[in-house]
Every structure is written in C-alpha cells, then in structure tokens.
Asker: 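Here it is, the structure in full.
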Amino acid sequence: MSGSAMTRDAVRGAVVEALRRVAPEMEPAALQPDTALRVQLDIDSMDALNFFIRLHEKLGVEIPEADYPKLNTLNECVDYLVKKLS
C-alpha cells in the first residue's frame, strides 16, 4: 500500500473479496451491512479465522484475536479496517 489511506469502497471491496474466499456461494449484493456475517453466510469459527487471515494478507492489517468480536458485520469490518489503515 502507498502512504495514502484506502477509500471505504476499496476496503469494502477487499472485505467482500475475503468473504468470497470463505463463502464462495455468497452474493455480494445480498449482503446486509448491519447483520452478522456469520449468520448471513453460515460460516463457522474456522471460516471466520480464514477470513481474518485473508484480510491481513490483502490489506496488511494486523487484527488481534481480541478484536475479532468487533468485526461481526460488513459495516463493522469496514469501519475497523478504515481506522486501522488511516
């Protein structure tokens, strides 16, 4: 990444791409931004861990395990990552 912060849309795209890797059947347009991703996509804790790993690989953001509960919804993920990247 360059020194500039990513846009919300770019971060959202990275989150959706990471979700698609753990839930390939996901329809991005159908995602509810404020509903728990694990409920919407029926992902288990292993899928969730893989999702956080993908986010780290894609964005270079360290996500401590203590912060996982802050990343329940699409909006929470984007807010958290935008803050980390700024």
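All residue numbers in this chain count up from 1 along the given sequence.
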Asker: Treating Glu62 as the side-chain partner and His56 as the backbone partner, does any N or O pair qualify as donor plus acceptor under 3.5 Å?
Answerer: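 Absent.
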Asker: Would Asp79 and Arg8 satisfy salt bridge (charged side-chain N to carboxylate O under 4.0 Å, His left out), going step by step from the backbone distance to the final call?
Answerer: CA-CA 8 Å; Asp79 291 343; Arg8 281 190 71 81; 2.8 Å; yes
Asker: Looking at every non-hydrogen atom in both residues, tell me the closest pair between Ala14 and Leu55 and how far apart they are.
Answerer: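 Distance-wise, the nearest heavy atoms are O-CD2, 4.1 Å.
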Asker: Indicate the atoms forming the closest heavy-atom contact of Ala36 with Thr73, along with that distance.
Answerer: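 Heavy-atom minimum between the residues: N-CG2, 3.9 Å.
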Asker: What is the minimum heavy-atom distance between Leu74 and Val16, and which atoms define it?
Answerer: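 Leu74 and Val16 have their closest heavy atoms at CD1-CG2, 4.4 Å.
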Asker: What I'd like to find out is whether the side chain of Asp47 reaches to under 4.5 Å of the side chain of Leu41, using heavy atoms alone.
Answerer: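 No. Closest side-chain heavy atoms not under 4.5 Å.
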Asker: What's the shortest heavy-atom distance between Ile63 and Tyr68, and which atoms?
Answerer: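 Ile63 and Tyr68 have their closest heavy atoms at O-CE2, 3.4 Å.
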Asker: Any donor-acceptor pair under 3.5 Å linking the side chain of Gln40 with the backbone of Thr35?
Answerer: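 Answer holds: yes.
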Asker: Do Asp9 and Arg12 sit within salt-bridge range, that is, some charged N less than 4.0 Å from a carboxylate O?
Answerer: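 Here Asp9 does not pair with Arg12 in a salt bridge, since their nearest N and O are not under 4.0 Å apart.
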Asker: Heavy-atom count around Glu65 CD within 6.0 Å, excluding the residue itself: above 12?
Answerer: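 Open.
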Asker: Could you tell me whether the side chain of Val78 reaches within less than 4.5 Å of the side chain of Pro33, counting heavy atoms only?
Answerer: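 SC-SC contact between Pro33 and Val78 ruled out.
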Asker: For the residue pair Leu85 and Val82, establish whether any side-chain heavy-atom pair is separated by less than 4.5 Å.
Answerer: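 Sidechains of Val82 and Leu85: no contact.
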Asker: Do NZ/NE/NH1/NH2 and the carboxylate oxygens of Arg54 and Glu57 come within less than 4.0 Å?
Answerer: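 Salt bridge present between Arg54 and Glu57.
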Asker: Tell me whether Glu76 is salt-bridged to Lys70, with the criterion being a basic N under 4.0 Å from an acidic carboxylate O.
Answerer: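 The answer is no: the pair does not qualify as a salt bridge.
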Asker: Determine, step by step, whether Leu19 and Cys77 satisfy the side chain to side chain contact (heavy atoms under 4.5 Å, CB included) criterion, reporting the C-alpha distance in whole Å, the side-chain angles of both residues, the deciding distance to 0.1 Å, and the verdict.
Answerer: CA-CA 11 Å; Leu19 284 170; Cys77 287; over 6 Å; no
Asker: Output the distance between atom CZ (Phe51) and atom CG (Leu71), rounded to the nearest 0.5 Å.
Answerer: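 Reported to 0.5 Å precision, the distance equals 7.0 Å.
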Asker: Has the side chain of Asp42 got a donor or acceptor atom that lies under 3.5 Å from a matching backbone atom of Val39?
Answerer: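 Looks like no, no N/O pair under 3.5 Å.
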Asker: Assess whether a salt bridge exists between Arg38 and Asp44, defined as any Lys/Arg side-chain N lying under 4.0 Å from an Asp/Glu carboxylate O.
Answerer: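 Looking at Arg38 and Asp44, the cut-off is not met.
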Asker: Side chains of Met26 and Leu31: does their closest heavy-atom pair fall under 4.5 Å?
Answerer: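 The answer is yes, as the side chains (C-beta and beyond) meet within the 4.5 Å cut-off.
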